[in-house]
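To start, the structure under review is shown below, and the notes come after it.
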Amino acid sequence: MIQAVGNAFRVPELRRKILFTGAMILVFRGLAHIAVPGANKAALDNLFNSNGLLPLIDLFSGGGLSRFSITAMGVNPYINASIIMQLMTVVSERLKEMQKEGEYGRKRLTQYTRRLTVVLALIQAYGLILLFSNPQVNVLPTPSPFTIIVVMITLTAGTVLLMWLGELITEYGIGNGISLVIFAGIVGRFAPGLAGFLGSSGSGEIQGIIIFGILALLVTMFIIYVQQAERRIRIQSAQRMVGRKVYQGRTSHLPLKVNQAGVIPIIFAISIMFFPTILGNFFANNTGFMGTLSQNITKYWQPTGPNLLWDLVYNASEFLLIIGFTYFYTAVTFDPVETADNLKKQAIFIPGIRPGRNTAEYLDRVMTRITSVGALFLALITVVIPLAAGQLAFGQAASRGNTGALYLGGTAVLIVVGVALDTMKQLNTQLQMRQYRGFIK
């Protein structure tokens, strides 16, 4: 990896792209420190110390939420809008046809995604205001209607600005811009999260820290192994005759990734899991059953809270949501019928399988089996492994009160490893293109 980066810096064009990407990331990190005025910093710190869900969401904003900065929501609204638009292309024939219109259709879908991002950002901003203005939280004590509007516009503008930075990186830099923005946010939180984790550990927990470090290394190795894993289906191209020349058939492979959905199911599931907290704050001032339920949701709806039953319900719900979204998103992004048709048009077949419908059914069976492994992998990495790591290292009491396992948990490591691998693949691809350019006249 270091050699590839060094070789890239010797190429002027790639050097400019890498420096531009770094500059945009520095701009993002600077924006994450510009706080929205009017927030009670002491109350905000107290809220994050008592809630295990918010620090996990804070990872995606690069610490913007814990500072209540203008980038508090990160690019979550954009990611959710992109997921919704992808799902809509399955339901809407108009969007499906638009997707096939090439560059023009892609630009129109991008415009729709941006508009939906603004709508979702306004809704999420209002939900954060409800949470922070809750009398039990008191981060924004009794905000006026004017303050609510200003904060909503500010937070939405921050999300739109990050979306723009991500698109600039994609166009003029290296890698996927939105993924790199999330990557930079998570990496920026690693050092403070680790420092807080070590600072909260007593001198008698040195053994636990060592065990936790070893577990973190093993989890990283496991994530890299599964992220690179794929099921290679042997395919054979038929013999062709072009003019007077006969081209013999060739054997190759059709790669199907075990984790076809990537981290999208995790992000979508976390957004859904945060929804009850926002909804509960609509009834924060009510008395009776709804008021009590709202208080319990605000206090207990988190991965490692003070109530075992609520923890079990939360983690089981997130576990099932991740598995469900993995199957659903894989079905949306991978169409066995379309893949089988493309293979048939190119005179390519799977040995022992008839082209057409039989090939589609075979691909569907294979994809269902490997998706079960990928779904279980994502659920274990996100829900089970962080909790188990904390319990093995520090025992039940410490793991329930310490959110360090979440900072170094599977969600953050999975995103960091996945984005790093994809970015290095793109960098190596561009290096190889420039090496072969000299042989092409």
Side-chain angles (χ1 to χ4, degrees), residues 79-80 82-102 105-106 109 176 222-240 249-269 272 317-383 414 418 421-422 425:
I79 294 173
N80 293 330
S82 300
I83 295 172
I84 292 174
M85 289 302 300
Q86 286 182 324
L87 300 181
M88 289 299 295
T89 55
V90 180
V91 179
S92 174
E93 288 295 332
R94 181 187 175 189
L95 293 178
K96 186 180 296 185
E97 292 298 326
M98 192 182 300
Q99 197 176 30
K100 299 178 182 178
E101 292 178 359
R106 187 187 65 81
L109 287 175
N176 182 281
F222 175 59
I223 290 174
I224 294 175
Y225 177 78
V226 178
Q227 282 291 96
Q228 298 291 85
E230 58 186 22
R231 169 74 157 85
R232 295 184 177 182
I233 299 178
R234 184 168 170 263
I235 56 178
Q236 179 78 37
S237 60
Q239 179 176 312
R240 295 180 301 163
R250 294 183 301 174
T251 301
S252 58
H253 296 89
L254 176 66
L256 300 178
K257 291 181 67 66
V258 172
N259 183 21
Q260 182 78 18
V263 298
I264 296 298
I266 297 177
I267 297 175
F268 209 40
I272 297 297
S317 301
E318 186 177 12
F319 189 92
L320 295 176
L321 277 175
I322 291 174
I323 290 179
F325 281 136
T326 303
Y327 274 101
F328 188 69
Y329 191 76
T330 301
V332 170
T333 56
F334 180 80
D335 187 354
V337 176
E338 183 179 355
T339 304
D341 289 341
N342 292 334
L343 292 176
K344 186 177 181 180
K345 291 176 182 177
Q346 299 172 18
I348 298 175
F349 62 93
I350 300 174
I353 306 295
R354 288 176 177 269
R357 179 180 176 182
N358 290 348
T359 299
E361 292 176 352
Y362 175 77
L363 292 176
D364 184 57
R365 288 196 303 270
V366 173
M367 202 66 209
T368 301
R369 289 199 299 268
I370 66 175
T371 299
S372 63
V373 178
L376 187 61
F377 160 73
L378 292 178
L380 288 174
I381 286 295
T382 306
V383 180
L414 177 62
L421 290 175
D422 290 341
K425 284 181 181 178

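Sequential numbering from 1 along the given sequence is applied to the chain's residues. Scope of the values below: all heavy atoms of this structure, side chains included, with no hydrogens, waters or symmetry mates.
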Report task. Give a yes or no on whether the backbone of A360 and the side-chain of D364 come within a donor-acceptor separation of less than 3.5 Å. Result -> no
Requested in this report: Run the numbers on I83 and F325 for side-chain contact (heavy atoms from CB on, under 4.5 Å), then give the verdict.
Outcome: CA-CA 11 Å; I83 295 172; F325 281 136; over 6 Å; no
Query raised in the report: So, do N176 and D422 sit near enough that their side-chain heavy atoms are less than 4.5 Å apart?
Result: no
**Report entry** Whether T330 side chain and Q260 backbone form a donor-acceptor pair below 3.5 Å
**Finding:** no
Query raised in the report: Does F328 CZ have over 12 foreign heavy atoms under 6.0 Å away?
Result: no
Query raised in the report: If we only count heavy atoms from C-beta on, is the T359 to K344 side-chain gap below 4.5 Å?
Result: no
Report task. Evaluate the side-chain proximity of L109 to M98: yes if any heavy-atom separation is below 4.5 Å, no if none is. Result -> yes
Query - Heavy-atom side-chain contact between I266 and L414 under 4.5 Å - result: yes
Query raised in the report: Are the side chain of K257 and the backbone of Q228 linked by a donor-acceptor contact shorter than 3.5 Å?
Result: no
Report summary line: In terms of heavy-atom contacts, P265 and L378 come closest through CG-CD1, 4.1 Å
**Report entry** Pairwise distance CG(L343) to CD1(I353) - rounded to 0.5 angstrom
**Finding:** 12.0 Å
**Report entry** side-chain contact (heavy atoms from CB on, under 4.5 Å) assessment of T339 paired with F334
**Finding:** CA-CA 8 Å; T339 304; F334 180 80; 3.7 Å; yes
Query raised in the report: Quick check, are the ring centers of F268 and Y329 under 6.0 angstrom apart?
Result: no
Requested in this report: For residues L363 and L254, determine if any side-chain heavy atom of one lies less than 4.5 Å from a side-chain heavy atom of the other.
Outcome: yes
Query raised in the report: Which is it for N259 and F377 under the side-chain contact (heavy atoms from CB on, under 4.5 Å) test, yes or no, and what are the steps along the way?
Result: CA-CA 8 Å; N259 183 21; F377 160 73; 4.1 Å; yes
Query raised in the report: Counting distance only, does the side-chain N/O of S372 pair as donor-acceptor with the main-chain N or O of R369 below 3.5 Å?
Result: yes
Query raised in the report: Under a 4.5 Å cut-off applied to non-hydrogen side-chain atoms, are E318 and T382 in contact?
Result: yes
Query raised in the report: Side chains of I350 and Y362: closer than 4.5 Å at any heavy-atom pair?
Result: yes
**Report entry** salt bridge (charged side-chain N to carboxylate O under 4.0 Å, His left out) contacts touching residues 226-237 (sequence neighbours left out)
**Finding:** E230-R232
Query - F319: ring-ring contact (aromatic ring centres under 6.0 Å, His included) partners, not counting sequence neighbours - result: none
**Report entry** Non-hydrogen atoms of T371 and M367 that approach each other most closely
**Finding:** OG1-O, 2.5 Å
Report task. Please identify each residue that fulfils side chain to side chain contact (heavy atoms under 4.5 Å, CB included) with V373, with sequence neighbours left out. Result -> V258
Report summary line: Tightest non-hydrogen contact, residues V332 and Q86, listed as CG1-O, 3.7 Å
Requested in this report: Grab the two heavy atoms, one from A269 and one from I322, that are nearest each other, plus how far apart they are.
Outcome: CB-CG1, 3.7 Å
